[in-house]
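Note sheet for the following structure.
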Amino acid sequence: APEVTTIPRRQLFLLFATVFLMMLGFGVIIPVLPFFARDLGASPFHLGLMVSVWALAQLLCAPLWGAFSDRAGRKPALMLGLGGFGVTFLLMGMARSVEALLFARALGGVLSAACIPAATAYVADVTDEKDRGQAMAFMGAAFTTGFIVGPALGGLLAPLGVRVPFLVAGALGLAAGLQAHVILPETRKLVPLAGTRAGGPGDLLLAARSPGAVFFGLAFANAFAASSMFTMLSFFLMDRFGGGTAEAGVTFTLLGVTITVLQSLVVGRAIRRAGEFPVIQAGLVLAALGYLGIALAPSLGAFFGAVILASAGMAFTKPPLIAALSRVTTLPQGATMGLLASADSLGRVVGPLWAGFIFGSTIAGPYYSAAAMLLVGLGAFRLFLAAPSGKIPPAVTYNT
């Protein structure tokens, strides 16, 4: 394999700061989007469509943007994604009709789909195998921290007007794009690429047949389970424990803080000591136990404990999954990360739909099904690793 030329840690830190700004901007609008949409005359169906159209655009466009980053470079893809994010959020803030808001939302999903594949491929370009898991964990912490702080900032800005958070989000996106332009060097040329393509539906078949196929499946399972939990968590609190906004706030704070702390301080060290594969399996087990704990929780205290356990599982699953996939893939890194983002988006499309459907029959249903999905994924992963086909390199430890 070609030697990877690294760049200063300062550049990785600046990339994480860029990602944080993007997620801060994304989170800012969460508290006000329903109110803004209703002011424009949106129905509940319109609001659901605004959520779904974003995820669907990411699902369809992330592989294309990942392949684009292989051809044109990580930096142009990242700048286009961040710039598109910023412009479309400004358009949302200036929308005067439901149709205009939906259009801006859909366009934002299309353009911002470039950000995650380009950012994760960037990290894969500039880190060696022993540092990649920790770098992906820091990337996850930057995402989560931005997503935690964003809604709080949006709540503070809301009294100034429901359009203000959208305008602030747009400004943050443009600032992140400018930051990427000024401070981030291009990295694609550091890793020679063989036979990059434009990307498209054919890549899905290549991914399904590739050594990394199991990781795409795990990304879907993880996103399905997590989005099922997020979607119905407040309803579950109300129906099981009579909780309100205060309890919901505590719950989501516990989620975010647990993931951020573990990914910042623990996950990278665990990957270096044990290797990616054992950490992935531990994460799947922890998350499944957490979801089962939520479904069975007899008290609010037990519920909070189960939420922390599920959050810990999520924190331990995704960074080593990305790091391992970047190590075993036979596709270019940009295309690989685009397909991974697409699998993640598919889980976030299907998970909430399933959770809403099954919640009507049993309020614990989303959490039982989330646990079942992860346990099936764990079983498939163990079978795949045990197969004598030699499709995938063995787990690597870096504690020497």
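The chain is numbered in sequence order, starting from 1.
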CG of Leu102 to NE2 of His46, rounded to nearest 0.5 Å, is 6.5 Å
So that I know where these two stand, are Phe236 and Tyr367 an aromatic pair - ring centroids less than 6.0 Å apart? yes
Verdict with reasoning, Val164 to Val168, per side chain to side chain contact (heavy atoms under 4.5 Å, CB included): CA-CA 6 Å; Val164 172; Val168 170; 4.1 Å; yes
dist Thr317:OG1 -> Leu284:CG (nearest 0.5 Å) comes out at 4.5 Å
Heavy-atom nearest pair, Thr336 first then Phe216, reads O-CE2, 3.7 Å
Sorted by chain and number, sequence neighbours left out, side-chain contact (heavy atoms from CB on, under 4.5 Å) with Leu265 holds for Val261
Closest non-hydrogen atoms of Ala135 and Thr127, given as atom of the first, atom of the second and distance, are CB-CG2, 3.9 Å
What one should report as the nearest heavy-atom pair of Gly365 and Ile358 is C-CG2, 3.8 Å
Check: Linking I/L/V/M/F/W/Y whenever any side-chain heavy atoms sit under 4.5 Å apart, do Met50 and Leu91 land together?
Finding: no
In terms of hydrophobic clustering (I, L, V, M, F, W, Y; side-chain heavy atoms under 4.5 Å; direct or indirect links), are Phe230 and Trp54 co-clustered? yes
Contacts of Leu59 meeting side-chain contact (heavy atoms from CB on, under 4.5 Å) (sequence neighbours excluded), chain-then-number -> Leu56, Ser342, Ser345, Leu346
*Could you verify whether a donor N or O on one side chain and an acceptor N or O on the other, from Ser369 and Trp354, lie under 3.5 Å apart?*
yes
For the side chain of Gln263 and the backbone of Ala141, is there at least one donor-acceptor N/O pair under 3.5 Å apart?
yes
Shared hydrophobic cluster for Val350 and Leu339 (ILVMFWY, side-chain gaps under 4.5 Å): no
Any ion pair linking Arg327 and Glu276 (charged N to carboxylate O, less than 4.0 Å)? yes
Notebook entry, point to check: Between the main-chain N or O of Ala323 and the side-chain N or O of Ser326, is there a donor-acceptor pair closer than 3.5 Å?
Noted result: yes
Applying side-chain hydrogen bond (donor to acceptor under 3.5 Å, both in side chains) to Ser227 and not counting sequence neighbours gives none
Value for CG (Leu178) from CG (Leu82), rounded to nearest 0.5 Å, stands at 10.5 Å
Tightest non-hydrogen contact, residues Ala62 and Ala341, listed as CB-CB, 3.7 Å
**Item:** Residue pair Arg382 / Gln281, side-chain donor-acceptor N/O under 3.5 Å
**Value:** yes
Does Thr145 use its side chain to pair, donor to acceptor, with the backbone of Ala142 at less than 3.5 Å?
no
ask   = Is there a donor-acceptor pair closer than 3.5 Å between any side-chain N or O of Lys75 and the backbone N or O of Leu184?
value = yes
Sequence neighbours excluded, the answer for side-chain contact (heavy atoms from CB on, under 4.5 Å) partners of Gln179 is Ala17, Thr18, Leu21, Ile183
Output for pair (Gln58 CD, Ser112 OG), nearest 0.5 Å, gives 4.0 Å
Arg105 meets the salt bridge (Lys or Arg N to Asp or Glu O under 4.0 Å) criterion, sequence neighbours left out, with none
*Honestly curious: do Leu286 and Val266 fall in one hydrophobic cluster under the side-chain, below-4.5 Å linking rule?*
yes
Side-chain touch Leu40/Leu101, heavy atoms, less than 4.5 angstrom: yes
Inset, instruction - May I ask you to test the Phe143-Ile116 pair for a side-chain heavy-atom distance under 4.5 Å? - result: yes
Interatomic distance, CZ@Phe103 vs OG1@Thr88, rounded to 0.5 Å, equals 10.0 Å
Tell me yes or no: between the side chains of Thr120 and Gln333, is some donor less than 3.5 Å from an acceptor?
-> no
Given the side-chain rings of Phe89 and Phe85, with only the six-membered ring counted for Trp, is the space between their centroids under 6.0 Å?
-> yes
Q | Hphob cluster co-occupancy, Met92 + Val32, side-chain heavy atoms under 4.5 angstrom | A | yes
Exercise for review: Using the side chain to side chain contact (heavy atoms under 4.5 Å, CB included) rule, take Phe215 and Val328 through it: C-alpha gap first, then chi angles, then the decisive distance, then the call.
Suggested key: CA-CA 10 Å; Phe215 297 106; Val328 306; 3.9 Å; yes
Are the side chains of Ile322 and Met139 in contact, using a 4.5 Å heavy-atom criterion? no
Under 3.5 Å donor-acceptor, Ser228 side chain and Ala355 backbone: no
For Ala106 and Val53, the nearest pair of non-hydrogen atoms, with its separation, is CB-CG2, 3.7 Å
Between Leu78 and Ala180, the two heavy atoms sitting closest are CD2-CB, 4.3 Å
With side chain to side chain contact (heavy atoms under 4.5 Å, CB included) as the criterion, how do Leu64 and Phe68 come out once you've worked through the C-alpha distance, each side chain's angles and the decisive distance to 0.1 Å? CA-CA 6 Å; Leu64 302 176; Phe68 173 84; over 6 Å; no
Donor-acceptor pairs under 3.5 Å, side chain of residues 288-316 to any protein atom, not counting sequence neighbours: which ones?
from   : atom 1 : to     : atom 2 : distance (Å)
Ser299 : OG     : Ala302 : N      : 3.2
Ser311 : OG     : Val307 : O      : 2.7

Using atom types as modelled and distance alone, determine if a side-chain donor or acceptor of Trp65 lies under 3.5 Å from a backbone N or O of Leu80. no
Do Phe224 and Arg348 pass the side chain to side chain contact (heavy atoms under 4.5 Å, CB included) test, and can you show the C-alpha distance, the side-chain angles, and the key distance before you say yes or no? CA-CA 6 Å; Phe224 173 94; Arg348 287 187 283 112; over 6 Å; no
Does atom CZ (Phe241) have a neighbourhood of more than 12 heavy atoms from anything else shown, all under 6.0 Å? yes
The reported gap from CG in Asp125 to CZ in Arg74 (rounded to nearest 0.5 angstrom) is 4.0 Å
- Message: For the backbone of Ala223 and the side chain of Asp344, can you confirm whether one donor and one acceptor N or O come within less than 3.5 Å of each other?
- Response: no
